[in-house]
Each structure stands twice: as structure tokens, then as C-alpha cells.
Amino acid sequence: MSTNAKAKEVVPLCSKFQWAFTLLGRPWTGMIVRALLSGPKRSKEILESIPSISSRVLHQRLSELEDAGIVQRTIYQEKPVRVEYGLTEMGRTLGPAMDEIQKWADRWCNE
């Protein structure tokens with residue numbers, strides 16, 4: 001095999017990396033995680049943090065993140081019932097990655 005042919009060898013991406021980007025790369029997901037890094041919030045507070053997201057999409061993404069073990073929903077039996085969303089330990093470990101993405105955006109994004 002020539003050097004040129006060897007240089008063009010395709011290495012498949014790790015399936016775990018693909019899983020992570022498929023989940024976190026969905027529209028709004030990263031912003032929801034970022035909003036929850038400061039602590040648990042009600043859906044109304046998340047909507048205020050991310051004004052462009054619709055309530056329907058927010059709840060879809062929260063459900064997906066809950067299924068993945070990143071977000072935990074807590075229901076408080078009050079009148080009226082109060083529901084809060086917070087990051088699990090798994091979700092909180094995304095903090096350093098989100099901080100690095102913020103640094104990257106600060107450097108390269110010219111609004």
C-alpha cells in the first residue's frame with residue numbers, strides 16, 4: 001500500500017462519541033443543559049432563559065434528556081403542583097465541556 005493510500009484510510013468515529021453528539025447536538029439541548037448548570041429550574045424559568053424555544057420543544061428535549069439520565073424531574077406535591085428540572089450527576093459533569101464551548105464561542109463568534 002502506498003503512503004498516499006494509507007493517509008486516506010478512514011477511521012470510523014467511536015459509537016459513544018456518536019451517541020453523545022446525536023443527543024447533545026439536537027437543537028436547543030445544549031442550551032437547556034447550560035441553563036440548568038446554575039441549578040434546578042421550572043420550565044417557565046428555562047423558557048425565560050432561552051426565549052426562542054417553544055414550550056413543546058422544551059418539553060420534548062427535557063424528556064429526551066431525562067430518558068438519557070442527564071436531567072431529573074422532581075414533582076413537589078403542593079397546590080398547585082410544582083415541577084422542577086435539574087441535572088443529575090451525569091448532567092453536571094457536562095459543565096466543563098459547556099464552559100469550553102463558551103470560551104470557543106467567545107473567541108470565534110462575531111454576532
Considering only heavy atoms from C-beta outward, does the side chain of Val83 approach that of Arg42 to under 4.5 Å? no

To the nearest 0.5 Å, how far apart are CG in Leu62 and CG in Asp67? 11.0 Å

Output yes when a side-chain donor or acceptor of Thr29 lies under 3.5 Å from a complementary backbone atom of Gly25, and no otherwise. no

Which distance, rounded to the nearest 0.5 Å, do you find between the CD1 of Ile101 and the CZ of Arg34? 8.5 Å

CZ (Arg56) and CD1 (Ile53) are apart, to the nearest 0.5 Å, by 10.0 Å

When you compare the side chain of Val71 with that of Thr88, does any pair of heavy atoms fall below 4.5 Å? no

For the residue pair Met31 and Leu36, establish whether any side-chain heavy-atom pair is separated by less than 4.5 Å. no

Is there side-chain contact between Val57 and Trp28, with at least one heavy-atom pair below 4.5 Å? yes

Side chains of Leu23 and Ile70, heavy atoms from C-beta outward: is any pair under 4.5 Å? yes

Looking at side-chain heavy atoms only, is the closest gap between Arg26 and Arg61 below 4.5 Å? yes

What are the two closest heavy atoms between Ile46 and Leu58, and how far apart are they? CG2-CD1, 3.5 Å

Below 4.5 Å, heavy atoms only, C-beta onward: do Lys41 and Tyr85 meet side chain to side chain? no

Please report the interatomic distance CD(Glu45) to CD(Glu84), rounded to the nearest 0.5 Å. 7.0 Å

Take atom CZ in Arg73; do more than 12 heavy atoms of anything else shown fall under 6.0 Å from it? no

Hey, does Pro40 have a side-chain heavy atom less than 4.5 Å from the side chain of Thr74? no

From CG (Leu24) to CD (Glu64), nearest 0.5 Å: 11.0 Å

Is there a path of hydrophobic side-chain contacts, each under 4.5 Å between heavy atoms of I/L/V/M/F/W/Y residues, joining Met90 to Leu87? yes

Are Met98 and Ile50 linked, directly or through other ILVMFWY residues, by side chains that come within less than 4.5 angstrom of each other? yes

Nearest-0.5 Å distance that lies between atom CG in Asp106 and atom NZ in Lys103: 10.0 Å

Taking everything shown except Glu89 itself, do over 12 heavy atoms lie less than 6.0 Å from its CD? no

